[in-house]
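First up is the structure itself, then whatever we jot down about it.
Both ligands and their constituent atoms are indexed starting at 1 by order of listing. These numbers come from the heavy atoms of this one structure, side chains and all, not from hydrogens, waters or symmetry mates.
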Amino acid sequence: MNNYEDVNKHLTSRPKVNLGFFPTPLHKLDKLSAQLGVNLYLKRDDMTGYNLFGGNKIRKLEYLIGDAVAQGCDTVFTFGATQSNHAMQTVTACRRYGLKPILYLVAIVEPGEEDLRANMLIDTILGAEIHIVSLNGKTEAEADELAVELAQKHRETLEQQGHKCYMVPMGGANPLGSAGFISGFVELNRQLEEIGQKADYLFHSTGTGGTLAGLAAGKKLLNSDTSIISINASPKPFEHYSKVAKLATEALTYLGSDQQISEEDLNFDQNYYAPGYEIPNEGSSNAIKLLARTEGLLLDPVYTGKAFSGMLDYIQTRKIPQGSTVVFWHTGGVTALFAEKEIVGDLT
Ligand SMILES: *Cc1c(COP(=O)(O)O)cnc(C)c1O
């Protein structure tokens with residue numbers, strides 16, 4: 001039994017705004033569980049709110065926008081790909097709290113000016129100020145750096161005019177953002193306890209690592225023995241793991257805990273994202289169709305489809321034993337089903 005009162009003291013120790021509908025639902029997938037021989041639960045962060053499309057960034061933004069509001073900011077900058085779920089969720093959060101949203105987005109897939117789709121269309125409807133950084137022969141990492149440089153210059157100009165600006169990093173991946181997922185891990189464990197269950201395994205998609213850092217930190221705070229398996233949506237160099245461990249420790253520090261996370265606490269799997277970010281593969285397309293046709297539920301091609309395909313592989317190859325209790329954390333992103341054809345792939 002966990003001492004939630006003690007944990008709650010940490011979770012409420014910092015400024016936070018309300019952006020979603022929590023706790024998000026947790027429910028069993030009965031048909032798929034029977035088919036796979038495990039007890040499979042879905043944690044529905046595709047239903048966090050604040051708009052119809054939800055997503056995992058809402059938890060992070062509760063602390064990030066909370067901090068922006070506490071600091072008296074009037075403008076928020078953030079970053080991502082043109083179809084970034086994080087950017088879209090940040091814009092909705094800004095609108096709710098009266099902050100001006102400015103996006104610097106890298107065009108991994110060039111958006112059609114006459115045919116705005118998915119998150120680009122939603123960002124436009126919400127009236128975000130959008131700046132596109134084209135690749136033009138640059139690597140994604142170089143373009144990401146350029147986006148931050150351009151935004152810094154823009155920020156300086158606005159601050160000279162008397163505005164107060166707040167920078168949210170790509171994916172909301174900083175200690176404040178990860179604090180939102182410490183809170184998420186605690187939320188999941190309370191829900192499982194209420195129904196007399198315990199997760200042996202937790203699968204989720206990882207990108208910037210902010211979600212993973214929060215989950216790993218939450219696991220440490222609750223002294224939980226659930227195995228968290230983080231399936232990459234994009235390739236990451238070895239140094240990424242130590243950065244995520246540091247991020248997790250800093251998130252704990254931010255909430256007033258002195259616990260530490262090391263690389264051994266993290267469990268990445270890079271075997272399922274190929275050929276690359278925003279490029280579908282057969283496994284992810286099959287996973288999307290399987291969940292849709294077995295349970296009537298949707299995944300996205302960029303993140304959750306790939307993570308779900310990884311989880312199916314672990315179960316089907318008996319890397320995890322039959323009869324295990326498995327939670328798949330649905331991190332959202334389903335608007336990508338309405339993105340450019342090259343992102344969606346063949347789902348027919
Ligand atoms: C951003 C995102 C992720 C990855 O979360 P990180 O915190 O960046 O690792 C996973 N799934 C979806 C749908 C996302 O939008």
Is there a heavy atom of [X] sitting under 4.0 angstrom from any atom of ligand 1?
| X | value |
| --- | --- |
| Leu212 | no |
| Ser205 | yes |
| Gly332 | yes |
| Gly209 | yes |

Could you tell me whether some N/O pair between [X] and ligand 1 is separated by less than 3.5 angstrom?
| X | answer |
| --- | --- |
| Lys60 | yes |
| Asn56 | yes |
| Thr304 | no |
| Thr208 | yes |
| Gly333 | no |

NZ (Lys243) with more than 12 external heavy atoms under 6.0 Å
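Counting neighbours around NZ of Lys243, 12 or fewer heavy atoms of other residues, nucleotides or ligands fall under 6.0 Å, so no.
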
Step through the shown structure and confirm whether more than 12 heavy atoms of other residues, nucleotides or ligands are within 6.0 Å of CD on Glu113.
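Atom CD in Glu113 is not crowded, with 12 or fewer foreign heavy atoms closer than 6.0 Å.
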
Donor + acceptor pair across side chains of [X], [Y] (<3.5 Å):
| X | Y | result |
| --- | --- | --- |
| Tyr303 | Tyr277 | yes |
| His330 | Asp45 | no |
| Ser33 | Asn39 | no |

Looking only at protein heavy atoms, which one is nearest to [atom], and what is the separation?
| atom | answer |
| --- | --- |
| atom 2 (C) of ligand 1 | Lys57 NZ, 2.4 Å |
| atom 4 (C) of ligand 1 | Gly207 N, 3.5 Å |
| atom 15 (O) of ligand 1 | Asn85 ND2, 2.8 Å |

[X] heavy atoms, cut-off 4.0 Å: which ligand 1 atoms fall inside?
| X | result |
| --- | --- |
| Thr331 | 10 (C), 11 (N), 12 (C), 13 (C) |
| Thr206 | 9 (O) |
| Gly210 | 7 (O), 9 (O) |

Check: Asn281 side chain, Tyr272 main-chain N or O, donor-acceptor pair, under 3.5 Å
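Yes, Asn281 side chain to Tyr272 backbone: donor-acceptor pair under 3.5 Å.
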
Which pairs would a plain distance check flag for residues 338-347, meaning a side-chain donor or acceptor within less than 3.5 Å of a matching protein atom at least two apart in sequence or in another chain?
unit_1, atom_1, unit_2, atom_2, d
Glu340, OE1, Gln83, NE2, 3.2
Lys341, NZ, Gly345, O, 3.2
Asp346, OD1, Thr348, N, 3.1
Asp346, OD1, Thr348, OG1, 2.6

Tell me whether the centres of the aromatic rings in Tyr50 and Phe21 are closer together than 6.0 Å.
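So the answer is no for these two rings.
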
Under a 4.0 Å N-O cut-off, is there an ion pair linking Arg59 with Glu187?
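Yes, this pair counts.
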
Would you say the side chain of Leu150 lies within less than 4.5 Å of the side chain of His131, judging by non-hydrogen atoms?
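No, every pair of side-chain atoms sits at 4.5 Å or beyond.
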
